[in-house]
Amino acid sequence: MTLQQIEITADELKHLVSERAHTGETMLLNMGPQHPSTHGVLRLLLELDGETVVNCIPDVGFLHTGIEKNIEAKTYEKSETMTDRLDYLNTMGNNLAYCLAVEKLVDLDVPERAQAIRVIFAELQRIASHLVWLGTAGLDLAAMSIFLYCFREREKILDIMEMCSGQRMMTTYFRPGGLWRDTTAEFEPAVRAFIDTFSKQVDEYEGLLSNNPIFLDRTKNIGKLTGKDAIAWGVTGPSLRGSGVKYDLRKEEPYSGYEQYDFDIPTYEEGDVYARYRVRIDEFRQSLRIVRQALDKLPKGPFRSNNRKFVPPPRAELGNSMEAVIHHFKLWTEGFPAPKASVYVPVESPRGELGVFLEGDGGPKPYRCYWRTPSFVNLQILPMLSKGHFVADLVAIIGSIDIVLGDVDR
Amino acid sequence: MNSSLQPIVSDLESTFGAKASEFRGQASVVVAPDKIVEAARSLRDKHRFDMLSALSAVDYWPQLEPRFHAVYQFKNMAQKLRLEVRVPLNGNEPQLDTLIDVYPNANWHERELWDMFGFKIKNHPDLRRILMPEDWVGHPLRKDYPLGYEEVQFTFNFEEIDQRKPRPKD
Amino acid sequence: MGIEQKLGNMGVVTTTLETVVNWSRKQAMWPMLFGLACCAIEMMGAQASSYDMSRFGMELMRPSPRQSDLMIVAGRVSRKMAPVLRRLYDQMPAPKWVVSMGDCASCGGVYNNYAIVQGVDEIVPVDVYVAGCPPRPEALIHGIMTLHEKIKGEKFKDWA
């Protein structure tokens, strides 16, 4: 940005910067939207006193995609392709939230097998998302090799997802009423192989970072957030648990059968960047525990609901049942209607509370679909956290609250 | 309805004239626009709804009175309760009081309401567009705002649409 | 390398200036470190351990547009981002190339709506389109190899 443009922006934002910025005592610096350490297209206007951040004004919306409006123009089943692309590191989690909302709105049951597979994939996705976070946040703090290690492991998860859904990232594997199709025969051995190797890899990551003096200097006592502030600002997920609040929606309001699994919620009291890092590292291990349990008691049975009003019939039936053909035709041309009411379904995404507010109007298309995205809410605390820290520490703080810009801007 | 949520809803009904309803176990109350700040304050202080979980709106165009519903989701973390509060708003001049004093994270949510629905948020310290560019015209999530459909190019109309497409000079 | 076979006894290679310039341009292509959305994650994947784009001499991602000559538009371009993107393109020194990665950057993808630019070719000239939502890392690498082929055949008079 040119100097002139920063001045124009400063004029618009006069009420947000301090008096000293007007006299030129402090400097205004534009960071982003193209900046390697903002994790996407986040723009920050920084007021700096020397190298210390006096004010930080986030400017979001550079990735605003109009997904909520687009969902209103599609049927319930078709809009699911949109949900993958909201938070593109948590595609399965978005699908899960959306499917749960639709199922609650139309009152549809999901078979046990589908629920267990959903849990397995949601947890694998959580690991994959945290891996991207660990890699990029480490990269921000100049730890290069952790990035290469994390992406090596992430590829294995993407391979498992591709094995079942046919796509690496934008899977659309969960459908209202169950799954798109059953898992393949290679699925179970592949997941087992992954969880066996991965628990050792987590130790390796910890060996690289947890006691590394440079990493500790960059993360301890940086970006302190108290539990009280975190709740008042609506912060959820690892950032909240890093501030000592034991709050996880998988335990608070269990969905998709999470109540059957035995796992802990890691919390740390310090509320700094390092505590948030520790929470996520511990969550790797808890996710592995859940996956292992779900895999051990994976029930046999149907992978999607048998309710033909909402779920298409199996291909084999189309050849010999007229009714099946009618249902198939109706579902793929018209879609299924939902009652004139609204539901709000929250799930625990890797970043916090991912909520779907879904309202139907009696027709086959959602009347309104609002996404309560964790990154959008969590990003609001960035000005508060970064005040008084160096610019270099601001980079560590942005990394630690783990935002995804697709999730912020929708 | 959850048995510990029942007294809270009754309290809102008697104090703020709220109207309660329920769908699949989720409680929802409708509160008049001039009472929302007081109602939120009582929810936070008296009933320990310590988190404003979400805030959005629904547009019921072409119905004018009320055309909009602002929808708040409150969360009581200790008792594991959720409550939806809806505020009906007039279509001609939707105005809403800010909740920043009660829940500070309402700030960006309310900016989003202004950006996407055009609600005038009273007493908001920083009411600017948040997602759309500063000079954008209109409020995209209103039902009378078009989706912005662009015609898809096929072989038979490729040339025709191609001519209309903007192209960079170099 | 294969170059030693062409050297001969004298250590002299006869070729055209165009070939040498194009060869050197193609061999050291510095992409800009610039990700927009989902495709940026696959772009990171293409550089990381499993795919390792540096085998093709393009691991050096430059965060500054002034040091880079390839812009990979990885992801959807919103109307708010479009002026920024064009400014970044203008800041790159010539010769410069653009790879449009993914369906959203190429044609708007699934988002035919008010917020998304229907194809980044409306604001910058695109050399190679890579299809996919998001394209696999192999697809991106193939896209850049295609660009290499294109650069090999470039003529000086077209640059003037």
Side-chain angles (χ1 to χ4, degrees), chain A residues 9 12-13 15-16 57-66 68-70 72-73 104-105 107 228-236 240 245-247 251-253 339-346 353 355-357 359 361 367-373 376-381 384 408-410, chain B residues 21-26 28 44 49-60 68-69 71-84 86 102-109 111-112 115-117 125-134 136 140-143 145-149:
Chain A
T9 325
E12 280 167 17
L13 307 173
H15 55 293
L16 294 173
I57 306 159
D59 184 7
V60 298
F62 287 97
L63 199 57
H64 177 61
T65 317
E68 289 175 9
K69 183 98 175 168
N70 237 353
E72 288 172 13
K104 188 163 187 181
L105 188 66
D107 201 11
K228 201 165 159 262
D229 276 347
I231 293 173
W233 283 86
V235 176
T236 44
L240 179 63
V245 183
K246 214 178 175 91
Y247 179 75
K251 284 262 194 233
E252 294 282 317
E253 301 167 43
K340 198 171 174 165
S342 67
V343 290
Y344 178 79
V345 177
E353 175 184 334
V356 183
F357 171 84
E359 176 152 343
D361 64 343
Y367 190 74
R368 170 92 170 98
C369 182
Y370 166 75
W371 288 80
R372 186 268 187 213
T373 46
F376 181 78
V377 184
N378 293 1
L379 185 58
Q380 272 195 78
I381 56 166
M384 197 172 79
V408 175
D409 298 341
R410 278 156 288 147
Chain B
S21 64
E22 196 187 343
F23 179 73
R24 304 221 200 285
Q26 294 191 342
S28 169
R44 186 192 65 177
F49 279 82
D50 29 24
M51 192 186 273
L52 172 64
S53 188
L55 166 53
S56 75
V58 188
D59 182 1
Y60 293 106
F68 299 103
H69 271 186
V71 186
Y72 299 76
Q73 307 282 350
F74 295 104
K75 169 79 189 170
N76 178 334
M77 287 165 74
Q79 288 175 280
K80 305 185 182 181
L81 300 177
R82 275 186 191 278
L83 183 65
E84 179 182 293
R86 283 172 171 257
V102 193
Y103 296 98
N105 69 329
N107 188 333
W108 281 20
H109 284 303
R111 278 176 68 188
E112 193 190 337
D115 192 355
M116 290 291 147
F117 287 94
D126 180 27
L127 198 61
R128 290 176 292 130
R129 281 188 185 273
I130 185 165
L131 294 178
M132 302 308 292
E134 203 59 44
W136 195 261
L141 278 180
R142 288 188 172 200
K143 285 279 174 185
Y145 190 94
L147 179 63
Y149 188 73

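Proteins get letters first, then strands, A, B, ... in listed order; numbering begins at 1 in each. Just so you know, these numbers come straight off a predicted model, no measurement behind them.
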Exercise: identify the closest heavy-atom pair between B:Met51 and A:Val235: CE-O, 3.7 Å
Residue, of A:Ile231, A:Asp409, A:Ile381, A:Asp59, that accumulates the most heavy atom pairs under 4.5 Å with chain B: A:Ile231
Partner chain B: residue of A:Pro339, A:Gly66, A:Ala341 with the largest heavy-atom pair count (under 4.5 Å): A:Ala341
Which atoms of A:Lys246 approach chain B - backbone, side chain, both or neither, heavy atom under 4.5 Å: neither
Engaged part of B:Val71 at the chain A interface, taking heavy atoms whose separation is under 4.5 Å: side chain
Salt-bridge criterion met for A:Glu253 and B:Arg82 (N-O under 4.0 Å): yes
Minimum-distance pair of heavy atoms, taken over all atoms of B:Met77 and A:Val245: CE-CG1, 3.8 Å
Most chain A-contacting option - heavy-atom pairs closer than 4.5 Å, from B:Trp108, B:Tyr145, B:Tyr103: B:Trp108
Nearest atoms (heavy-atom pairs only) where A:Val377 meets B:Asn105: CG1-ND2, 3.8 Å
Top of A:Val343, A:Asp229, A:Asp107 for chain B proximity - count of heavy-atom pairs under 4.5 angstrom: A:Asp107
Proximity breakdown for A:Val60 and chain B, heavy-atom pairs closer than 4.5 Å: both
Atom of B:Leu141, atom of A:Glu72 and distance for their closest heavy-atom approach: CD2-OE2, 4.3 Å
Among B:Arg129, B:His109, B:Arg44, residue most engaged with chain A (heavy-atom pairs, under 4.5 Å): B:His109
Shortest non-hydrogen separation from B:Leu147 to A:Lys69 and the atoms involved: CD1-CG, 3.3 Å
Proximity breakdown for B:Pro140 and chain A, heavy-atom pairs closer than 4.5 Å: backbone
Interface moiety of B:Asp115 toward chain A, non-hydrogen atoms closer than 4.5 Å: neither
For the student: nearest non-hydrogen atoms of A:Ser342 and B:Phe23, plus distance: O-CD2, 3.6 Å
Straight-line distance of A:Glu68 CD to B:Glu112 CD, nearest 0.5 Å: 6.0 Å
Greatest number of heavy atom pairs closer than 4.5 Å to chain B - which of A:Pro58, A:Gly61, A:Gly355: A:Gly61
Pairwise distance NZ(B:Lys75) to CD(A:Glu353) - rounded to 0.5 angstrom: 7.5 Å
Part of A:Glu359 within contact of chain B (heavy atom distance under 4.5 Å): side chain
Nearest-0.5 Å distance that lies between atom OH in B:Tyr72 and atom OH in A:Tyr344: 15.0 Å
A:Lys104 side chain near B:Gln26 side chain, heavy-atom distance below 4.5 Å: yes
Greatest number of heavy atom pairs closer than 4.5 Å to chain A - which of B:Met132, B:Lys143, B:Lys80: B:Lys143
Proximal component of B:Arg86, with respect to chain A [non-hydrogen, under 4.5 Å]: side chain
Best-contacting candidate, A:Tyr370, A:Tyr247, A:Phe62, A:Phe357, against chain B by heavy atom pairs under 4.5 angstrom: A:Tyr370
Heavy-atom pair count under 4.5 Å with chain A, highest-scoring of B:Ser21, B:Ala57, B:Ala106: B:Ala57
Gap between atom CZ of A:Arg372 and atom CG of B:Leu52 - 0.5 Å precision: 8.5 Å
Contact origin within B:Pro125 toward chain A - heavy atom pairs under 4.5 Å: backbone
Heavy-atom proximity to chain B below 4.5 Å, by part of A:Glu252: both
Contact origin within A:Ala73 toward chain B - heavy atom pairs under 4.5 Å: side chain
CA sep, side-chain torsions, deciding dist, call: B:Ser56, A:Arg368, side chain to side chain contact (heavy atoms under 4.5 Å, CB included): CA-CA 10 Å; B:Ser56 75; A:Arg368 170 92 170 98; 3.9 Å; yes
Plane angle bin for B:Tyr60 and A:Tyr367 - parallel if under 30°, tilted between 30 and 60°, otherwise perpendicular: parallel
Among the listed options A:Leu63, A:Asp361, A:Thr236, A:Leu105, the residue most often paired with chain B at heavy-atom distances under 4.5 Å: A:Leu105
